[in-house]
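Computed from a predicted structure; not experimentally measured.
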Amino acid sequence: MNFKLIFLLLLTTLCRADDGYRLWLKYDLIKDATKRAAYARSAQFIVLNSTNPVLKTAADELQTGLQGLLGKTVPIVANAGGKTGGILLTTSPVAELTNEGYRITGKQNITITGKTDAGVLYGAFALLRHLQTRQSIDRLSLTSNPKIQLRMLNHWDNVDASIERGYAGQSLWKWYELPERIDPRYRDYARANASIGINGTVVNNVNASSRFLTAEYLQKVAALANVFRPYGIKIYLSIYFPAPKTIGKLKTADPLDPEVNQWWVDKANEIYKLIPDFGGFLVKANSEGQPGPQDYGRNHADGANMLAKALAPHNGIVIWRAFVYKADGISDRFKAAYDEFKPLDGQFEKNVIVQVKNGPIDFQPREPFSPIFGTMPQTPLGMEFQITQEYLGHATHLVYEAPLFKECLESDTYAGGRGSTVAKVVDGSLHNYKLTAIAGVANTGSDRNWTGHPLTQANWYAFGRLAWDHTLTSQAIANEWVTMTLTPEPQSVKTVTDLLLKSREIYVNYNTPLGLSRPWTGAHFAPEPWQNRSSRPDWTAVYYHRADSIGLGFDRTVKGSQALAQYRPEVQKQWNNPETCPLPYLLWFHHVPWTQKLNTDRTLWEELCTRFYTGAESVGGMQNEWASVKKDIDPETFANVAGRLATQQKEAIWWRDAWVLYLQEFARQPIPAPFKKPDRTLQEVKELVDIYQLR
Ligand code: BDP
């Protein structure tokens, strides 16, 4: 091989575009030589005096990270041998640490202490993050404990590799290859999760196949569990409630039937033989056509408790979902979960957690918090957020979700007086829950960059960071993520952080402003506010927005569906009156006349138009801001995002046009100045949407 060729090869390797695979764990060389040297002085070796696999993971990750950041190999040694300037990994029962917390201190050596091995692992990642974000290591003193115990991803992945509501390719799990072949990607998945403190994963869809509980599939699940274990991650399964019938050949799945009970006990024993640290079951029952205990005249607690008893001897838990609504479609769907669960408060076994979606309906771009959070003090309630963008423009719209998560977590339930935020319910501090959990429906898939849209990796990241500490700000999290993933250049970090921070509000403005919602049937992608036919009324668009000649919005006050009564009186008081109801929630609770003046000094119609138009216009602004950081962003990532923003711009106008042209038929008013009326007709927009529905 001649020199020219070697040079070219080297050049192509060096210039290879960043395909996003490394996520926020890029560990690229720190360019600033002074900073690098300062870090290197305290990172001359890593001391690990243990064979514990989790601690070993921590040491290995530190070594990998330091190799990249400092450009040198940092040896792992069993003892410091009297030398200073190393990183010591140690477990010790430090009083201020909870099980998974860590403390990082540094003078001559940096010491990472955890009460448990997992704590050390999280500490190792925290130290790396500290260096990745170029912070000072003089007088290091960082202590952090997770606020919530179970920090989980929920994968809605199916046996055939499809993902329900997945927009980044196929499933990560290659069930047909497991357990024999272990895709190296499983390990990288575990690394990414551990780096943000996620300690549990439900690998299959809540609309579950019973296949996962068969002996054959449990071997596959066990193989994944083996990969995740050294990263402190436990595996959980979604179960199909009638599994005793489908795979156990019993005549019933009645939770009060002794044979059914025994079947689950045996199944649990079988699972724990293979996976001694198996986390437990996630259950969707009697919801959207899924079978459940009500098929046998039993209630949700009967179902959950039966499973809980089978898992309890192994310390497993049951996560029972509150996302239920009756098949009749008659009553307000908003009220369904509360109506079914509130009467069961206090009736669940100790190892049951009820997992509640953030809002009462279904992962809308903006929802008020679910009233359940304020009203079940005797039942541990877990939070379910959706990271995948089912209603948030799939993988072509940029929506940074930390502000959405925070808005819900910071909402005041008044369950124990003022300041009883949803976060305090979920982290257990308000009602003293013994079990606490938070889950995010994953946005990962087989796309090389994991999430499809390169910038929405930030949502996976933000979910994990907030699950660990819900008091972190959306801005701080965005800042970290951008610095670690895209560029450490301060001006560009600021520009991209700002862009992320405003993206959700922009989306809401052109998509569902002022408390509109869109849980209509289908792919949940195209605008279709005129949709009025479905097998049930609450799967139509008109059911939710209720546009008529008088006004717009769903009356949930005493004059309407009375859903507001499910909140504490203090909350009701604010939201009951359209004058005091915050504008973002207005149409969730009120049917407002088109001509009603709002506190923005515009009528409802004018305000809606203003939001639709400025929202769509702002996407253009995001494109410009993205263009301004080009010099600091990897070319492949830059082009990828630029392309998606262009699509978003087109689709934002599409959403705007669909809504304003449709609503105008009811409001019967012109589009207010300075906005120009859409240059297409309602019919044309409808035809465009029809294309999306074609088979
Ligand atoms: C809805 C989704 C549906 C899920 C369901 C659930 O449209 O695909 O199965 O939620 O959470 O958002 O069970």
Ring centres of [X] and [Y] under 6.0 Å apart?
{"X": "Tyr272", "Y": "Phe278", "value": "yes"}
{"X": "Trp173", "Y": "Tyr189", "value": "yes"}
{"X": "Phe212", "Y": "Tyr240", "value": "no"}
{"X": "Phe385", "Y": "Phe405", "value": "yes"}
{"X": "Trp468", "Y": "Phe125", "value": "no"}

Does the side chain of [X] come under 3.5 Å of the side chain of [Y] through a donor N or O and an acceptor N or O?
{"X": "Asp345", "Y": "Thr379", "result": "yes"}
{"X": "Asn358", "Y": "Glu367", "result": "no"}
{"X": "Asn154", "Y": "Gln355", "result": "yes"}
{"X": "Asp157", "Y": "Trp175", "result": "no"}
{"X": "Gln294", "Y": "Asn299", "result": "no"}
{"X": "Asn205", "Y": "Asn158", "result": "yes"}
{"X": "Tyr21", "Y": "Asp188", "result": "yes"}
{"X": "His470", "Y": "Asp427", "result": "yes"}
{"X": "Arg187", "Y": "Tyr231", "result": "yes"}
{"X": "Trp24", "Y": "Ser195", "result": "yes"}
{"X": "His314", "Y": "Asn269", "result": "yes"}
{"X": "Gln386", "Y": "Tyr391", "result": "no"}

Check the pair Ile506 / Val508 against side chain to side chain contact (heavy atoms under 4.5 Å, CB included), numbers first and verdict last.
CA-CA 5 Å; Ile506 289 174; Val508 168; over 6 Å; no
What residue among Asp469, Asn99, Thr98 forms side-chain hydrogen bond (donor to acceptor under 3.5 Å, both in side chains) with Asn145?
Thr98
Test item: [X] side-chain N/O and [Y] main-chain N/O as donor-acceptor pair under 3.5 Å:
{"X": "Thr456", "Y": "Asn459", "answer": "no"}
{"X": "Gln364", "Y": "Arg518", "answer": "yes"}
{"X": "Asn193", "Y": "Ile198", "answer": "no"}
{"X": "Tyr176", "Y": "Asp160", "answer": "no"}
{"X": "Asp362", "Y": "Pro519", "answer": "no"}
{"X": "Arg185", "Y": "Ser446", "answer": "yes"}
{"X": "Tyr461", "Y": "Ala192", "answer": "no"}
{"X": "Ser503", "Y": "Tyr400", "answer": "yes"}

Take Phe525 and Thr396, measure what side chain to side chain contact (heavy atoms under 4.5 Å, CB included) needs, and give me the verdict at the end.
CA-CA 10 Å; Phe525 182 70; Thr396 45; 4.0 Å; yes
Testing the basics here: between [X] and [Y], what is the closest heavy-atom pair and its distance to 0.1 Å?
{"X": "Leu178", "Y": "Lys220", "answer": "O-NZ, 2.9 Å"}
{"X": "Val422", "Y": "Met383", "answer": "CG1-CE, 3.6 Å"}
{"X": "Ile148", "Y": "Val426", "answer": "CD1-CG1, 3.8 Å"}
{"X": "Ala310", "Y": "Ala268", "answer": "O-CB, 3.4 Å"}
{"X": "Pro368", "Y": "Tyr567", "answer": "CB-OH, 3.8 Å"}
{"X": "Ala243", "Y": "Trp264", "answer": "CB-CH2, 4.1 Å"}

Given side chains that start at C-beta, do those of [X] and [Y] come closer than 4.5 Å, heavy atoms only?
{"X": "Pro380", "Y": "Val354", "result": "no"}
{"X": "Ile353", "Y": "Leu381", "result": "no"}
{"X": "Val202", "Y": "Leu237", "result": "no"}
{"X": "Leu516", "Y": "Tyr544", "result": "no"}
{"X": "Ile361", "Y": "Arg333", "result": "yes"}
{"X": "Ile317", "Y": "Tyr236", "result": "yes"}
{"X": "Glu61", "Y": "Leu128", "result": "yes"}
{"X": "Ile271", "Y": "Phe281", "result": "yes"}

Start with the C-alpha gap between Glu100 and Asn199, add the side-chain angles, then the distance that decides, and say whether side-chain hydrogen bond (donor to acceptor under 3.5 Å, both in side chains) holds.
CA-CA 10 Å; Glu100 293 173 307; Asn199 63 2; 3.1 Å; yes
At what distance, to the nearest 0.5 angstrom, does CG of Asp117 lie from OH of Tyr122?
9.5 Å
How long is the gap from CZ on Phe228 to NZ on Lys234, to the nearest 0.5 Å?
15.0 Å
CA sep, side-chain torsions, deciding dist, call: Tyr167, Glu390, side-chain hydrogen bond (donor to acceptor under 3.5 Å, both in side chains)
CA-CA 8 Å; Tyr167 313 106; Glu390 176 177 353; 5.5 Å; no
When you measure from the centre of the six-membered ring of [Y], is the NZ or CZ of [X] under 6.0 Å away and within 45° of the axis?
{"X": "Lys335", "Y": "Tyr338", "answer": "no"}
{"X": "Arg321", "Y": "Phe241", "answer": "no"}
{"X": "Arg568", "Y": "Tyr414", "answer": "no"}
{"X": "Arg556", "Y": "Trp575", "answer": "no"}

Anything under 30° is parallel, anything over 60° is perpendicular, the rest tilted; go ahead and classify Tyr433 against His431.
tilted
With under 30° as parallel and over 60° as perpendicular, where do the rings of Trp156 and Phe363 fit, or are they tilted in between?
tilted
Evaluate the criterion salt bridge (Lys or Arg N to Asp or Glu O under 4.0 Å) for residue pair Arg366 and Glu407; output intermediate values, then yes/no.
CA-CA 9 Å; Arg366 170 168 275 131; Glu407 184 175 296; 2.9 Å; yes
Could you please spell out the steps behind the salt bridge (Lys or Arg N to Asp or Glu O under 4.0 Å) verdict for Lys273 and Glu270?
CA-CA 5 Å; Lys273 239 191 214 135; Glu270 181 189 344; over 6 Å; no
Please walk me through it: do Lys309 and Asn261 pass side chain to side chain contact (heavy atoms under 4.5 Å, CB included)?
CA-CA 9 Å; Lys309 283 181 202 143; Asn261 278 254; 5.5 Å; no
Given salt bridge (Lys or Arg N to Asp or Glu O under 4.0 Å), test Glu401 with Arg504 step by step and report yes or no.
CA-CA 7 Å; Glu401 293 164 343; Arg504 189 263 186 142; over 6 Å; no
